[in-house]
Amino acid sequence: MEGNVNTAPRPERSCNGLAVSSIVLGIIGLVLLLIPLIPYPLAILAIIFGVIGKKKPVKKGFAIAV
């Protein structure tokens, strides 16, 4: 009887990890703006991840926000 339990199907979780990492790197870059040489690579990575994340059809809003 235990193997016959009806459970509700879980909704498919879809996220755009590159867009989320773009936002996170952009925020960290802004916070560390006063430290020399650290925010520049973070900003470059944030832009690259944002452009790549914008090409994915899932949750483009995160990528566009950056």
Side-chain angles (χ1 to χ4, degrees):
M1 197 78 141
E2 288 180 25
N4 219 0
V5 177
N6 292 331
T7 57
R10 294 183 182 174
E12 184 178 326
R13 292 185 349 178
S14 59
C15 68
N16 194 342
L18 288 173
V20 173
S21 63
S22 172
I23 288 177
V24 170
L25 287 174
I27 292 171
I28 292 172
L30 283 175
V31 170
L32 299 176
L33 190 62
L34 297 176
I35 300 173
L37 300 176
I38 291 179
Y40 303 114
L42 294 178
I44 292 170
L45 285 174
I47 291 170
I48 292 171
F49 289 165
V51 169
I52 295 171
K54 194 174 175 183
K55 293 179 182 178
K56 292 187 176 185
V58 178
K59 293 193 179 181
K60 286 176 68 172
F62 281 123
I64 293 172
V66 175

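Bear in mind the structure is a predicted one, so any value in this text is a computation, not a measurement.
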J.: Do L33 and I27 land in one hydrophobic cluster if side-chain heavy atoms of ILVMFWY residues count as linked below 4.5 Å?
T.: no

J.: Do the side chains of I52 and L25 join up, straight or via other hydrophobic residues, at under 4.5 Å, putting them in one cluster?
T.: yes

J.: What heavy-atom pair brings A46 and G26 nearest, and what distance separates the two atoms?
T.: CB-N, 3.8 Å

J.: Rounded to the nearest 0.5 Å, what separation is found between the CG atom of L42 and the OG atom of S22?
T.: 11.0 Å

J.: How far does CD1 of I48 sit from OG of S21, to the nearest 0.5 angstrom?
T.: 11.0 Å

J.: Who pairs with I35 by side chain to side chain contact (heavy atoms under 4.5 Å, CB included), at least two apart in sequence or on another chain?
T.: L32, I38

J.: Are V24 and I44 in one and the same hydrophobic cluster, where Ile, Leu, Val, Met, Phe, Trp and Tyr link if side-chain heavy atoms are under 4.5 Å apart?
T.: yes

